[in-house]
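Note sheet for the following structure.
We number each residue from 1, following the sequence as shown. The basis for the numbers below is simple: all heavy atoms, side chains too, and nothing from hydrogens, waters or symmetry mates.
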Amino acid sequence: MKAVRFTAWKTFPTIEEVDRPTPGPGEVLLKIAGAGACHSDVAIFEQFDESMGTQLAPAYTLGHENAGWVEEVGAGVTGFTQGDAYLVYGPIGCGACPTCSRGQDTYCYNAATQPYLATGLGRDGGMAEYMTVPARNLVPLGDADPVDAAPLADAGLTPYHAIKNSLPKLAGGGKTALVIGLGGLGQLAVQILKAITGATVIATDMKPEAMAEAERSGAITVPGGDDQVAKIRALSGDQGVDAVFDFVGITPTIKLAQQVVRRQGRITVVGVAGGPTSWDFYTNPYEAELTNTYWGTIEELYEVAALYRAGQIKPSVKRYAMADALQAYHDLHDGKLSGRAVVMPHA
Ligand code: ZN
Ligand code: ZN
């Protein structure tokens, strides 16, 4: 079968012919409907090197946003029907520690001794005709389209987890949320905030077309500029924003968040750019929280799938055939995408 392989550090992926995998005990063989291309993949093959350790070390098949149809099951697996559509929860922890037991493999106690981080992140992912997945990582999609669903596995789940953790700040009338950065995750963040909170959603990005899309999802947009902080504060009744979500994570975006958050509000940095910021007693309003989040839980992926199946959220997707999979990564790298690139190995 064909697979998009990450073969060496600082090396662009290649499409190779590899053996179709066989599901081991407790695993399911999934026929891939769609595999999303993520900025993390670009970081992995462009920026990372040996210093990242062995868990992300090549070679393996990329793709950590996957959905597809059950093809075959391994020993001991029951309750699946061939052809049924599922979304894949990517992280794979030890499966037995307290955090894995609640479906939060991202924070596995034994992460340091696991052989990989996730499907497509050290273990063979979904940019291939088939992949194997532990059965517990599969979330049913019913009759919803698995191609458009693929990005939900990361670009949907990651903002959902951040928003869910901020819900106490957004409960009640007259609340405001700010989304900074309107790529794949930010656009879905706007949709999720509209679907599960009553908050006024404010959004900002450098790209006018990204802001136009957020407006179509119900956000009020504020462009960058000298009066950006004043405009955002005015939209939040001059008291500041209850919950800020920064999907960029560079110093200026975190600083913007610190300038607009209200007293007792909350800033969640989701973007992995790693920009430093300063914090001391006087930099943030009283009791404003500054935190980060990483991906989400299996339970939350069920909730994301429920929103999708109900038509309340819908990723904006650009579809690529397997033969054009490398073009998808070029387009992502060159900033040419507005929606999420999804590769369809069987189209
Ligand atoms: Zn990702
Ligand atoms: Zn664990």
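Considering only heavy atoms from C-beta on, Met322 stays 4.5 Å or farther from Met344 through its side chain. Using a 4.5 Å heavy-atom threshold, the side chains of Arg262 and Ser236 count as separate. Proximity of Leu290 to Val269: side-chain heavy atoms (C-beta onward) are separated by under 4.5 Å at one or more points. Here the side chains of Phe6 and Leu56 are not in contact, with every heavy-atom distance at 4.5 Å or above. Residues Phe245 and Val190 are not in side-chain contact: their nearest non-hydrogen atoms beyond the backbone lie 4.5 Å or more apart. No side-chain heavy atom of Pro159 sits under 4.5 Å from any side-chain heavy atom of Val270. Looking only at side-chain heavy atoms (C-beta outward), Leu188 and Thr158 stay at 4.5 Å or farther from each other. The shortest side-chain heavy-atom distance between Asp105 and Tyr89 falls under the 4.5 Å cut-off.
Here the side chain of His346 pairs a donor or acceptor atom with the backbone of Glu129 at under 3.5 angstrom. Looking at Asn137, its side chain does come within 3.5 Å of a backbone N or O of Pro91 through a donor-acceptor pair. Side-chain N or O atoms of Asp41 include one that pairs as donor or acceptor with a backbone N or O of Cys38 at under 3.5 Å. The backbone N or O of Ala153 lies less than 3.5 Å from no partner atom in the side chain of Glu65, so there is not a single donor-acceptor pair. Of the possible donor and acceptor atoms, none in the side chain of Gln191 sits under 3.5 Å from a partner among the backbone N and O of Gly156. A distance-only check finds no donor-acceptor pair linking the side chain of Lys318 to the backbone of Ala328 [under 3.5 Å]. Remark: side-chain polar atoms of Arg123 are paired, donor with acceptor, to backbone N or O of Thr132 under 3.5 angstrom. Side chain of Thr106 to backbone of Trp295: no donor-acceptor contact under 3.5 angstrom is found.
A salt bridge between Lys164 and Glu299 is absent, with no side-chain N of the basic residue lying under 4.0 Å from a carboxylate O of the acidic one. Salt-bridge check for Arg309 with Asp143: failed, with every basic side-chain N at 4.0 Å or more from each acidic carboxylate O. Salt bridge Asp124/Arg5: present, at least one basic N to carboxylate O contact under 4.0 Å. Ion pairing between a basic and an acidic side chain is recognised when a charged N comes within 4.0 Å of a carboxylate O; Lys2 and Glu17 show such pairing.
For the atom pair CD (Gln264) and CD (Gln239), the distance works out to 11.0 Å, reported to the nearest 0.5 Å. Remark: Arg266 CZ to Leu167 CG distance equals 10.0 Å, nearest 0.5 Å. Rounding to the nearest 0.5 Å gives a distance of 11.5 Å between CG of Asp148 and CD1 of Ile313. In this structure, CZ in Arg233 is found 14.5 Å from CG in Asp227, a value given to the nearest 0.5 Å. How far CG of Leu157 is from CD1 of Ile298: 10.0 Å, rounded to the nearest 0.5 Å. Here the CG atom belonging to Leu117 is positioned 5.0 Å from the CD atom belonging to Gln55, to the nearest 0.5 angstrom.
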For the pair Arg20 and Leu29, evaluate side-chain contact (heavy atoms from CB on, under 4.5 Å) and give the outcome as yes or no after the intermediate values.
CA-CA 9 Å; Arg20 183 173 127 170; Leu29 180 72; 3.7 Å; yes
Using the rule given for side-chain contact (heavy atoms from CB on, under 4.5 Å), can you reason through Thr61 versus Met131, listing the C-alpha separation, both sets of side-chain angles and the distance that settles it, and then say yes or no?
CA-CA 9 Å; Thr61 302; Met131 76 183 291; over 6 Å; no
Apply side-chain contact (heavy atoms from CB on, under 4.5 Å) to the pair Glu213 and Asp205, showing each step before the final yes or no.
CA-CA 11 Å; Glu213 187 184 334; Asp205 193 273; over 6 Å; no
For a side-chain contact (heavy atoms from CB on, under 4.5 Å) check, start with the C-alpha distance between Lys336 and His330, then their side-chain angles and the critical distance, and finish with the verdict.
CA-CA 9 Å; Lys336 286 184 186 161; His330 282 299; over 6 Å; no
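Evaluated for a ring-ring contact (aromatic ring centres under 6.0 Å, His included) with Tyr86, the options Phe80, Trp69, Tyr302 yield exactly one hit, Phe80. Of the candidates Thr176, Ile220, Val222, Ile180, Val222 is the only one forming a side chain to side chain contact (heavy atoms under 4.5 Å, CB included) with Ile232.
Using modelled atom types, one finds no donor on one side chain facing an acceptor on the other under 3.5 Å when comparing Asn110 with Gln114. Between the side chains of Tyr160 and Glu303, at least one donor N or O lies within less than 3.5 Å of an accepting N or O. Using a 3.5 Å distance cut-off with no hydrogens or angles, the side chains of Ser316 and Gln187 do not pair a donor with an acceptor.
More than 12 heavy-atom neighbours from other residues, nucleotides or ligands sit within 6.0 angstrom of CG on Asp334. In the displayed structure, Tyr294 atom OH is contacted under 6.0 Å by more than 12 heavy atoms of other residues, nucleotides or ligands. The number of heavy atoms from other shown groups lying within 6.0 Å of CG (Asp226) does not exceed 12.
Under a hydrophobic-cluster definition in which Ile, Leu, Val, Met, Phe, Trp and Tyr are linked whenever side-chain heavy atoms come within less than 4.5 Å, directly or via other members, Leu182 and Ile192 are assigned to the same cluster. Val70 and Met1 sit in two unconnected hydrophobic clusters of ILVMFWY residues. Membership requires side-chain heavy atoms under 4.5 Å apart, directly or through other members. A continuous path of hydrophobic side-chain contacts links Leu62 to Val343 [ILVMFWY only; heavy atoms under 4.5 Å]. Neither Ile250 nor Phe247 shares a network with the other; the hydrophobic side chains, linked directly or stepwise wherever heavy atoms of I, L, V, M, F, W or Y lie under 4.5 Å apart, form separate groups for each. Under the 4.5 Å side-chain heavy-atom criterion for ILVMFWY residues, no single connected hydrophobic cluster contains both Leu152 and Val317.
Across all their heavy atoms, Ile15 and Ala323 have their closest contact at CD1-O, 4.2 Å. Of all heavy-atom pairs between Gly53 and Trp9, the closest is O-CZ2, 3.9 Å. The heavy-atom pair separating Thr268 from Ser166 by the smallest distance is OG1-OG, 3.6 Å. The shortest non-hydrogen separation linking Val18 to Ala3 is CG2-CB, 3.8 Å. Looking at every heavy atom in both residues, Val73 comes nearest to Pro23 through C-CG, 4.0 Å. Taking each heavy atom of Lys207 and Leu337 in turn, the nearest pair found is NZ-O, 4.1 Å.
Between Phe12 and Tyr329, the ring planes lie perpendicular to each other; the angle is over 60°, past the 30° to 60° tilted range.
Other cluster members for Val272: none, since no ILVMFWY side-chain heavy atom sits under 4.5 Å from it.
Taking the six-membered ring for Trp and the full ring otherwise, Tyr116 and Tyr60 have centroids separated by 6.0 Å or more.
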